[in-house]
Amino acid sequence: MAVLANKQWTGELIQMKLYIDVNTVYTTDSLGVYDDNGTLTSLIESVSFSKSDGNTNVNPLGVASSDSIGLKAYDINDALSPANLNGPYAGKLTNGLKVEINKSSDGGQTWNPYGVYYTNNFSGSYSDGYHDLVSISASDRLNILGNTPVPELPVYANVTIKELIVALFTALGYTEDEYYIDPKLNFNILWGVLPGTKVRDFFNSVCQRTFARVTVNSTGVVRFIPALQLATEYNTLTVGPTDIGTLKNNNSNNINYSKVNVKYDVYGTTADATVLSRDGVSLALGHNEISDIQFSNTVVCIKNVYIRYKSELSLAKIENVEYQAYQRAMVLSLDVLNANVFEVSIRVDAVVLTTIEKTASVSLDTGIRSGLTEYTLDTNNQMTDEEAQQLCNDIVDYIKTLENTIEISGTILTPDLSIGDEITIENTGTMYDGVYKVTKLQVEFGQSYSLGATLLRVESSDNDGDSSDNEEDSTEDGTVE
């Protein structure tokens with residue numbers, strides 16, 4: 001216990017519930033857990049949180065990224081050390097265990113949710129005659145969800161993004177209260193093809209197309225919220241000169257483009273086609289299911305299913321023909337009555353998507369700058385030439401808005417803030433006065449307490465003007481290739 005000497009906790013109290021198996025939940029907190037003799041048995045020594053609405057360094061339109069925590073804990077029996085083969089949890093401290101984090105502002109009388117995470121590392125050590133603190137790192141469910149393969153979904157004609165998201169979560173076994181789509185988002189855009197092989201790919205494509213972000217809140221709900229606007233529901237905080245430690249602005253080095261391109265598929269490019277023609281199939285008496293049907297085309301909808309067959313003495317009948325079709329596959333089921341059938345021929349006609357890819361472009365006024373690159377968004381989306389050109393212009397405006405970020409640290413900001421919340425800075429008499437949206441948070445509890453945030457300006461504190469009034473027109477010309 002030497003490592004715990006003279007260390008004081010600052011900040012709100014934190015509690016951890018680690019779900020080790022269906023019958024075991026390990027609970028400790030920053031107050032410490034004591035046995036009947038008053039001996040300290042476990043304690044959270046420190047915890048840090050890293051939260052953001054996405055990674056804009058990789059892609060300015062955002063790439064989905066998980067929030068994470070790093071926690072250090074003491075256990076009198078070193079029960080949380082994965083190398084403790086004689087401990088009560090030997091062999092059970094693996095990746096993917098659920099961790100509930102709660103926070104208390106009243107000395108531990110009540111605990112409120114502050115995040116749901118899943119472990120990705122345990123580490124412990126031994127030194128100076130003592131076992132040291134165990135370090136636990138974990139990420140929210142977006143990490144696990146993002147690595148999940150996109151399930152086969154029923155084919156759709158003219159499906160919207162919202163309908164695709166609902167179908168995806170339903171196929172993954174999520175209930176309606178486990179995900180949330182902000183009403184401000186334009187998710188009624190028609191989508192032709194489900195993009196990506198992993199859920200993360202799908203989320204990135206959807207959010208980049210609609211200027212959205214996907215995050216997970218403190219209760220584990222997956223949220224789709226606007227990237228540049230305040231969400232429909234958010235917390236607010238107002239700070240002044242006496243509350244602020246440091247304010248900093250810096251140029252985003254990833255926003256350095258001479259041209260914006262949008263790749264898209266020509267809207268409405270579909271054709272009738274025979275997607276399956278199979279002969280010589282034998283079917284047994286009773287219920288049959290054919291699940292090895294794969295399409296070489298992307299199917300929008302099934303038009304007809306034809307089945308021809310022969311049977312002994314013409315006694316057989318085929319009834320209850322049903323199918324479940326997907327964009328790349330199909331499962332066909334049917335019942336054979338009276339006798340076996342042979343020399344069965346199956347043909348499936350469908351409407352398929354024929355891809356004709358085009359590119360819309362907008363050139364930016366680069367002045368005398370050098371070393372610039374082009375930004376290209378591959379939408380995997382059907383749209384008209386006019387829609388693609390408008391999307392190019394919207395991306396240019398988005399990139400300009402994304403540059404309006406500042407960093408704030410060393411303040412009395414409350415950890416009740418979440419990604420997407422509003423902070424108003426006032427009465428500093430500087431360029432920083434204004435209304436901002438929280439896009440990143442770094443919170444640390446323990447012997448020292450700190451909170452830093454990255455903020456995106458969403459509204460000027462000066463209602464008489466617009467921060468873009470003096471900006472030059474960023475576009476020179478737009479083209480469709």
Side-chain angles (χ1 to χ4, degrees), residues 11-20 22 25-30 44 47-54 64-71 96-106 108-120 136-148 162 165-166 168-170 172-185 187 199-200 203 207 212-227 230-237 413-422 437-443 445 451 453:
E12 283 81 353
L13 299 176
I14 296 294
Q15 179 191 69
M16 174 187 73
K17 290 187 175 183
L18 174 63
Y19 290 76
I20 296 174
V22 292
V25 180
Y26 182 97
T27 302
T28 188
D29 56 50
S30 53
I44 295 176
V47 60
S48 63
F49 298 83
S50 180
K51 305 180 180 184
S52 76
D53 66 358
S65 60
S66 298
D67 294 343
S68 61
I69 62 168
L71 184 146
L97 299 181
K98 181 180 178 181
V99 178
E100 287 183 359
I101 300 295
N102 299 308
K103 179 174 62 67
S104 176
S105 300
D106 59 6
Q109 297 298 312
T110 57
W111 297 97
N112 299 308
Y114 197 50
V116 180
Y117 302 87
Y118 298 85
T119 57
N120 46 44
I136 302 173
S137 62
S139 302
D140 66 27
R141 71 191 308 174
L142 200 57
N143 186 46
I144 297 174
L145 180 59
N147 289 328
T148 304
K162 183 175 182 179
I165 289 176
V166 172
L168 175 71
F169 277 107
T170 300
L172 292 173
Y174 280 61
T175 60
E176 291 183 356
D177 58 353
E178 291 182 285
Y179 62 93
Y180 167 79
I181 300 173
D182 194 285
K184 289 185 178 180
L185 293 174
F187 273 16
V199 171
R200 179 179 286 104
F203 285 170
C207 290
R213 296 283 191 265
V214 56
T215 65
V216 178
N217 71 4
S218 60
T219 59
V221 175
V222 180
R223 301 170 68 236
F224 294 87
I225 60 175
L230 292 166
T232 300
E233 299 177 359
Y234 53 88
N235 298 316
T236 62
L237 178 69
L413 296 179
T414 168
D416 286 331
L417 280 174
S418 299
I419 298 300
D421 285 347
E422 176 191 281
K437 172 187 173 181
V438 179
T439 60
K440 293 182 182 178
L441 282 171
Q442 187 72 36
V443 190
F445 298 91
L451 189 150

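Fair warning: this is a prediction, and the values are worked out from it, not measured in the lab.
A 4.5 Å side-chain heavy-atom check between Val222 and Leu145 finds at least one atom pair inside the cut-off. Between Phe49 and Tyr117, some side-chain heavy-atom pair lies under the 4.5 Å cut-off. At least one side-chain heavy atom of Arg200 sits under 4.5 Å from a side-chain heavy atom of Asn143. Counting only heavy atoms from C-beta outward, the side chains of Asp29 and Trp111 approach each other to under 4.5 Å. The side-chain heavy atoms of Asn112 and Lys103, taken from C-beta on, include no pair separated by under 4.5 Å. Put simply, the side chain of Leu142 reaches to within 4.5 Å of the side chain of Val214, judged on heavy atoms. Leu237 has its side chain within reach of Leu417: a pair of non-hydrogen atoms, C-beta onward, lies under 4.5 Å apart. The shortest side-chain heavy-atom distance between Ser52 and Ser65 falls under the 4.5 Å cut-off.
At distances below 3.5 Å, at least one donor-acceptor pair connects side-chain atoms of Thr119 with backbone N or O atoms of Gly96. The closest donor-acceptor contact from the side chain of Asp67 to the backbone of Asp140 lies at 3.5 Å or more, if one exists at all. At distances below 3.5 Å, at least one donor-acceptor pair connects side-chain atoms of Lys437 with backbone N or O atoms of Ala227. Side chain of Ser139 to main chain of Ser68: no donor-acceptor pair is present (N/O by atom type, distance under 3.5 Å, no hydrogens or angles). The closest donor-acceptor contact from the side chain of Ser104 to the backbone of Thr110 lies under 3.5 Å.
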*Does the side-chain contact (heavy atoms from CB on, under 4.5 Å) test come out yes or no for Ile20 and Val25, once each step is laid out?*
CA-CA 6 Å; Ile20 296 174; Val25 180; over 6 Å; no
*Passes side-chain contact (heavy atoms from CB on, under 4.5 Å), Ile101 versus Leu71? Steps please.*
CA-CA 10 Å; Ile101 300 295; Leu71 184 146; 4.2 Å; yes
*Verdict with reasoning, Tyr19 to Leu97, per side-chain contact (heavy atoms from CB on, under 4.5 Å)*: CA-CA 6 Å; Tyr19 290 76; Leu97 299 181; 5.9 Å; no
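Between the side chains of Thr232 and Asp182, at least one donor N or O lies within less than 3.5 Å of an accepting N or O. For the residue pair Asp53 and Thr215, no side-chain donor N or O sits within less than 3.5 Å of a side-chain acceptor on the partner. Side-chain atoms of Tyr114 and Gln15 form no donor-acceptor pair, as typed in the model, at a separation below 3.5 Å.
You'll find the ring centres of Tyr174 and Tyr179 outside the 6.0 Å limit.
Considering only residues two or more places apart in sequence or on other chains, Glu178 meets the salt bridge (Lys or Arg N to Asp or Glu O under 4.0 Å) condition with Arg141. Contacts of Thr170 classified as side chain to side chain contact (heavy atoms under 4.5 Å, CB included), with partners at least two apart in sequence or in another chain: Val166.
Stacking of Lys98 on the aromatic ring of Tyr118 is not recorded, the 6.0 Å distance cut-off and the 45° axial limit not both being met.
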